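Everything below concerns the one structure shown next.
The basis for the numbers below is simple: all heavy atoms, side chains too, and nothing from hydrogens, waters or symmetry mates. Since the structure is predicted, the reported quantities are computational estimates derived from the model, not experimental observations.
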Amino acid sequence: MSKIVFVLGAGASAHCGTPLMGNFLEVAEDLWRRGEVAEAAVHFKLVFDAIGHLQGIHSKAKLDTYNIETVYAAFEMGKLLDSLPGIEERRFQEGYGPSIVIDYLISSIKKVIAYTLERTTKLHHETRGSPSAPESYSRLADMIKSLISQKRDCSIITFNYDLGLDYSLYHHRILPNYGLDDIDVTNKECVTFLKLHGSLDWGRCTKCGKIKPYREFQYTETKPGLDYSIIPIISK
């Protein structure tokens, strides 16, 4: 284990415009109501309909339905118990059991998280459309670069899905080592970067079942033009 470990929560991405846990659902619903996530509207509607049903159990349970972590946990608990308030009203097809519907609901809340972050995270762009490092993340990447140059072992643990720090490390020519099998860190300047809740650019391979990043951050002599069209998939 590294002697120096940076632990990042939701506040670390706030300077990029991303909402915090306490107002995440409020921001997400506002985006949906304004029609800014039309391509994912069915997922937003499903999630907020489910939240509406959860609000009806306040008399039996203390549940903060304004906090996305609490709501996500409630959906996961519903999967474990094979039951969730209002689930019978949300059957998509005759013969589908509650577990199938809840699985779809959990997939939908992941898409709500991804689309909300995609619409609110503000990254500066340099020439050729390449995203550049946000200032606060850039200062952290500077510090990590300095520690690496001094041969001091350090790691990063984050509970965030966004790519702000990933791009900051990339622009400082540091390879984020996510601990995934398909990233070769041999003979590269890298830092262990554990994204415990998943990442916007991760998906699960349909063939091998492993989690893989959509794009790898590679060293090149010139900065490539990066297509910043995030695939809204968050790993389980």
Side-chain angles (χ1 to χ4, degrees), residues 9-11 13-14 16-58 61 63-94 96-123 131 158-164 195-204 206 211 214 227-236:
S13 299
C16 300
T18 59
L20 302 178
M21 293 299 97
N23 71 330
F24 196 100
L25 288 172
E26 181 181 350
V27 172
E29 185 174 18
D30 194 37
L31 289 170
W32 173 45
R33 298 295 184 190
R34 295 202 307 263
E36 296 185 24
V37 288
E39 65 274 35
V42 63
H43 299 291
F44 277 73
K45 184 179 187 307
L46 181 65
V47 167
F48 284 106
D49 283 350
I51 291 173
H53 286 288
L54 287 178
Q55 290 172 343
I57 64 172
H58 272 301
L63 198 65
D64 183 3
T65 55
Y66 295 97
N67 187 295
I68 192 164
E69 288 187 331
T70 302
V71 171
Y72 199 134
F75 291 172
E76 291 282 3
M77 183 62 70
K79 179 179 179 179
L80 181 65
L81 300 175
D82 204 25
S83 178
L84 202 65
I87 202 67
E88 294 298 325
E89 300 176 24
R90 296 194 301 275
R91 288 180 180 271
F92 299 106
Q93 182 178 330
E94 287 297 324
Y96 276 16
S99 61
I100 301 297
V101 180
I102 295 173
D103 279 342
Y104 191 86
L105 178 60
I106 292 172
S107 176
S108 290
I109 197 170
K110 291 177 182 180
K111 288 181 172 61
V112 167
I113 292 170
Y115 275 94
T116 300
L117 289 176
E118 185 184 37
R119 296 298 187 273
T120 57
T121 302
K122 297 178 178 62
L123 299 180
T158 182
F159 299 95
N160 299 330
Y161 305 103
D162 71 273
L163 302 176
K195 306 187 80 168
L196 302 187
H197 286 176
S199 180
L200 282 179
D201 64 338
W202 292 3
R204 191 179 295 277
T206 56
I211 295 173
Y214 171 63
D227 177 16
Y228 188 49
S229 300
I230 294 176
I231 290 184
I233 301 175
I234 298 177
S235 67
K236 292 184 180 179

Provide the closest heavy-atom pair for [X] versus [Y] in the form atom of the first, atom of the second, distance.
X    : Y    : value
S199 : L163 : OG-CD2, 3.5 Å
A28  : F44  : O-CE2, 3.4 Å
F159 : L196 : CE2-CD1, 3.7 Å
I68  : I113 : CD1-CG1, 3.5 Å
W32  : V37  : CA-CG2, 3.6 Å
F75  : A50  : CZ-CB, 3.8 Å

If you measure from [atom1] on [X] to [atom2] on [Y], what distance do you get to the nearest 0.5 Å?
X    : Y    : atom1 : atom2 : value
E69  : D64  : CD    : CG    : 10.5 Å
T70  : Y72  : OG1   : OH    : 13.5 Å
N160 : H197 : CG    : NE2   : 9.0 Å
L84  : H53  : CG    : NE2   : 9.0 Å
D103 : S108 : CG    : OG    : 11.0 Å

Answer yes or no: is there a donor N or O on one side and an acceptor on the other, between the side chain of [X] and the main chain of [Y], under 3.5 Å?
X    : Y    : answer
N23  : L20  : yes
R119 : L31  : no
T18  : S13  : yes
T116 : V112 : yes

Does the pair T121 and D162 meet the rule for a side-chain hydrogen bond (donor to acceptor under 3.5 Å, both in side chains), with working shown?
CA-CA 8 Å; T121 302; D162 71 273; 5.6 Å; no

The side chain to side chain contact (heavy atoms under 4.5 Å, CB included) partners of R33 (sequence neighbours excluded) come to E29

Taking the side chain as every heavy atom from C-beta outward, state whether L117 and F24 have any atom pair closer than 4.5 Å.
yes

Walk me through it: do I51 and Y66 pass the test side-chain contact (heavy atoms from CB on, under 4.5 Å)?
CA-CA 9 Å; I51 291 173; Y66 295 97; over 6 Å; no

Should we count CD of E26 as having more than 12 external heavy atoms under 6.0 Å?
no

Just to verify, which of Y115, F48, Y104 counts as forming a ring pair (Phe, Tyr, Trp, His ring centres under 6.0 Å) with H43?
Y104

